[in-house]
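Each remark here refers to the structure printed beneath this line.
So that the names make sense, note that chain A is the first sequence line, chain B the second, and so on, each numbered from 1. Below, all heavy atoms of this structure are taken into account, side chains as well, without hydrogens, waters or symmetry copies. Bear in mind that the values here come from a model prediction, so they are computed numbers and not experimental data.
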Protein chains: 2
Amino acid sequence: MTTSAVHTPRGPVTRKDVARYAGVSTAVVSYVVNGGPKKVAPATEAKVQDAIRILGYRPNATARALKMGSNQTVGLVIPDSSNPFWALLGHAVEVAAGERGYALLLTNSDNKLDSERRHIRNLAARQVDGVVLASVMFEPDLLELVGAGIRSVLLNHASVAPGFNSVGVDLEAGARLAVEHLISHGHKSIGLAMGITADNEADGREAGWLRALQAAGLPPGPLARGGFDRPGGYAAGQRLLASPKRPTAIFASSDMQAIGVLRAIREAGLSVPEDIALASFDGSVEAEYSWPALTTVEQPVWEMAEAAVSALVGEDRNEPPQHRVFPTQLRIRQSCGCP
Amino acid sequence: MTTSAVHTPRGPVTRKDVARYAGVSTAVVSYVVNGGPKKVAPATEAKVQDAIRILGYRPNATARALKMGSNQTVGLVIPDSSNPFWALLGHAVEVAAGERGYALLLTNSDNKLDSERRHIRNLAARQVDGVVLASVMFEPDLLELVGAGIRSVLLNHASVAPGFNSVGVDLEAGARLAVEHLISHGHKSIGLAMGITADNEADGREAGWLRALQAAGLPPGPLARGGFDRPGGYAAGQRLLASPKRPTAIFASSDMQAIGVLRAIREAGLSVPEDIALASFDGSVEAEYSWPALTTVEQPVWEMAEAAVSALVGEDRNEPPQHRVFPTQLRIRQSCGCP
DNA sequence: GCGTTTTGTTGACTCGAGTAGATCGTAGTG
DNA sequence: CACTACGATCTACTCGAGTCAACAAAACGC
């Protein structure tokens with residue numbers, strides 16, 4: 001004869017079961033579980049706590065969410081979570097959300113617009129409390145969808161959409177930092193391996209590269225476009241190396257691209273930074289452990305995630321939409337030619 | 001004068017609003033939205049569809065979840081989503097779940113037991129339909145928690161817990177594959193950079209390394225333990241290099257560790273594979289783009305994720321718990337000494 | 001034309017929890 | 001001792017959607 005058999009109902013234990021077992025009403029159970037909004041006598045509270053423990057009651061978060069109109073969840077849409085930069089961002093968002101008691105619904109848009117749109121629709125239906133949209137693309141459709149009552153933050157997006165929160169870094173300033181550093185090493189021909197932004201908006205990194213060169217009175221070096229990922233960088237790197245006047249330095253718009261470029265350079269029998277210097281953008285861990293370690297423009301991912309989540313469900317939830325731009329920092333390592 | 005203002009209620013549009021607008025009962029709206037369980041006359045259906053479109057109605061997934069007892073969500077607990085291997089796994093799980101209409105709640109345990117336990121509790125309260133538990137740790141507590149009605153899959157865990165689904169690879173066979181390959185290159189002293197498994201269960205990779213050496217009549221080389229990540233591998237690598245009899249080859253229990261080892265080797269002024277050959281475990285993208293490219297034992301991450309999700313919410317949802325072991329494949333590149 | 005199916009629609013109850021408002025009992029005051 | 005004030009508790013409604021039993025109307029058979 002087991003101890004738990006008598007009163008244990010089949011199926012999941014609900015508030016009602018606890019109430020019956022403790023000999024109180026369901027309201028009291030709620031008051032005990034939530035510590036309010038009404039007081040409960042200590043003796044009653046103890047009875048209820050016992051019942052909860054004995055029956056193994058766990059409140060149904062879905063029911064709570066229905067009643068309260070919030071399921072304590074934020075959604076995140078990123079292009080590809082197997083890309084280390086996005087993975088890190090996802091991690092940071094999860095932590096920032098977790099600190100506030102929110103869980104993270106993660107979705108990958110895979111750089112496809114319809115996929116992204118589907119995910120946003122889905123997140124909206126699931127009544128998430130907010131969504132962080134780290135999209136390379138951008139469509140008015142998205143505005144409408146997300147605008148339908150759900151708070152959202154655009155991450156690192158070029159266009160500053162009215163009515164939307166946005167969080168990002170100063171891409172142009174960051175790129176200038178890196179290119180200027182390459183220039184300071186004496187390079188006169190600096191190529192650019194640029195990622196492809198689907199909306200064809202001018203990317204700040206490209207502008208920064210150009211400005212830095214102009215400011216130094218240098219002509220723009222060769223430019224090759226490819227995906228922001230390793231294969232994209234590899235392909236872009238090969239094209240840069242094959243250009244009529246091979247650059248002596250290359251700035252890549254992402255760390256992953258730089259790693260691809262690195263491979264292209266090596267396969268060409270050249271070495272970094274002796275033959276070609278390299279700098280990139282993002283500041284991911286892979287940059288640190290690459291060989292040579294990559295000089296890169298670091299994005300304050302944790303702060304950005306924190307700011308994004310805060311705008312969604314944090315203290316500044318009710319403020320009007322903000323556009324926060326974070327500074328970047330040049331993380332100097334060996335790929336640029338520094339010792 | 002806007003077209004939508006007249007009948008649009010304030011706040012989110014519910015089934016009731018649609019019903020009122022279309023002049024039907026709420027039941028009919030449900031039937032239209034779900035295509036059942038009862039038929040609706042074409043003319044009525046059209047009216048309802050119009051109302052839905054005009055009012056911009058989207059069904060509240062939370063309410064649906066409450067009624068149906070499922071919120072079409074699976075949970076994933078991994079040690080650290082900024083580790084590429086786990087990031088890839090997360091991506092694969094998300095895709096597998098997405099194909100079945102399920103969303104992914106992602107949590108990082110950060111390798112901490114209490115954090116892991118908290119997340120599982122949270123996932124349970126949120127009534128997820130299943131959880132994939134990729135824990136390095138293991139505690140009976142977890143069994144109890146997850147066992148409380150929620151289907152779960154243990155990923156790549158050494159101990160085969162009864163009543164639990166599990167999905168993993170044959171760690172020992174995989175490790176043997178790699179070590180045997182190093183032996184075939186003529187190496188007689190092969191060190192092991194082993195990750196730390198918190199539950200101190202014997203890890204198959206260690207066993208495989210040992211067995212391969214024994215089978216070849218070789219003495220076990222030096223062994224160093226560290227985290228499964230890059231810093232862990234770096235530290236382990238330094239210790240292996242400093243060991244009295246320096247090994248001529250090293251097998252690392254993860255790609256990330258191998259990348260750390262690579263750095264240690266380079267900082268010691270040695271080169272791979274000339275001075276020290278290297279092979280590792282996981283088969284992540286970083287291994288491919290490392291220099292030299294890492295020879296590694298590839299885990300079939302996509303198949304594993306597919307199997308895990310399928311056991312949770314797929315076709316074989318109602319079968320008794322299974323233990324699926326997938327084969328690994330040796331992906332030969334340059335770090336082992338092959339051309 | 002009448003009884004019988006078929007088809008279409010509806011009202012009402014349900015899921016599990018939050019909480020306002022009503023109710024009960026008791027302690028405190030005059 | 002009557003009467004208020006208050007603390008503790010319960011009743012009952014709500015959130016939004018799924019679906020069954022019940023019913024009305026139309027289609028059918030003979």
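Of the inter-residue distances, the one linking B:E45 atom CD with B:D50 atom CG reads 10.5 Å to the nearest 0.5 angstrom.
Closest to the side chain of B:P37, from the set D:dT11, C:dT9, D:dC20, is D:dC20. When distances run from any side-chain atom of B:Y57 to the nucleotides D:dT9, D:dA17, C:dA17, the shortest one goes to D:dA17. Minimum atom distance to the side chain of A:K38 is reached by C:dA22, of the listed D:dA17, C:dA22, C:dT19. Distance from the side chain of A:S30 is smallest for C:dA17 among the nucleotides C:dA17, C:dT9, D:dT19. Out of C:dG18, C:dT10, D:dC10, the shortest distance to the side chain of A:V28 is found at D:dC10. Distances from the side chain of B:A27 to the nucleotides C:dG18, C:dC15, D:dC20 place D:dC20 closest. For A:S25, the side-chain atoms get nearest to D:dC10 when compared with the rest of D:dA22, D:dC10, C:dA17.
Distance CG (B:N71) to P (C:dG16): 14 Å, rounded to an integer number of Å. Residue B:Q127 contributes atom CD, which lies 11 Å from atom C1' of C:dA17 at whole-angstrom precision. Here D:dT9 presents its P atom at 10 Å from CD of A:E45, a figure rounded to the nearest Å. Regarding A:R20, its CZ atom lies at a distance of 16 Å from the C1' atom of D:dC10, rounded to whole Å. One can place CG of B:L66 at 14 Å from C1' of D:dT19, the figure rounded to the nearest angstrom. Going from atom CZ of B:R15 over to atom P of C:dG11 covers 12 Å, rounded to whole Å. Taking atom CG of residue A:N60 and atom C1' of nucleotide D:dC15, one finds them 13 Å apart after rounding to whole Å. Rounded to an integer number of Å, the gap from A:K16 NZ to C:dA17 P is 11 Å.
The side-chain heavy atoms of A:S310 and A:R100, taken from C-beta on, include a pair separated by under 4.5 Å. Between A:R64 and A:Q72 the shortest side-chain heavy-atom distance does not fall below 4.5 Å. Under the 4.5 Å side-chain criterion, counting only non-hydrogen atoms from C-beta, A:N71 is in contact with A:D129. Contact of the B:W302 side chain with the B:L88 side chain is registered, since non-hydrogen atoms from C-beta on lie closer than 4.5 Å.
Counting any heavy atom pair closer than 4.0 Å across all strands shown, B:V29 reaches no nucleic acid atom. Within 4.0 Å (heavy atoms only), A:V33 reaches no atom of the nucleic acid at all. Nucleic acid contact for B:T44: sugar-phosphate only, since backbone atoms but no base atoms lie under 4.0 Å from a heavy atom of the residue. Within the 4.0 angstrom heavy-atom criterion, only backbone atoms of the sugar-phosphate kind lie near A:V40; the bases stay farther away.
DNA chain D is contacted by both A:A41 and B:M68; A:A41 maps to the nucleotide lying nearer its 5′ end (nearest heavy atom per residue). Take the nearest nucleotide of DNA chain C for A:T26 and for A:T62: the residue whose nucleotide is more 5' is A:T62. Heavy-atom distances to DNA chain C give each of B:G23 and B:A63 a nearest nucleotide, and the one nearer the 5′ end belongs to B:G23.
Judged by atom type and distance alone, A:Y31 reaches the base of C:dA20 through a side-chain donor-acceptor pair under 3.5 Å. No hydrogens or angles were tested; on distance alone, nothing pairs the side chain of A:R58 with the base of C:dG16 as donor and acceptor under 3.5 Å. Applying the 3.5 Å distance criterion, the base of D:dG16 shares no donor-acceptor pair with the side chain of A:K67.
Contact check, A:R64 against C:dG18: a side-chain N or O comes under 4.0 Å of OP1 or OP2. Between D:dA17 and B:N34, no contact under 4.0 Å exists linking OP1 or OP2 to a side-chain N or O.
Counting only N and O atoms by type, the side chains of B:R126 and B:N122 include a donor and acceptor under 3.5 Å apart.
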>> Evaluate A:R117 against A:D114 for salt bridge (Lys or Arg N to Asp or Glu O under 4.0 Å), listing each step before the verdict.
In response: CA-CA 5 Å; A:R117 194 181 290 144; A:D114 64 330; over 6 Å; no
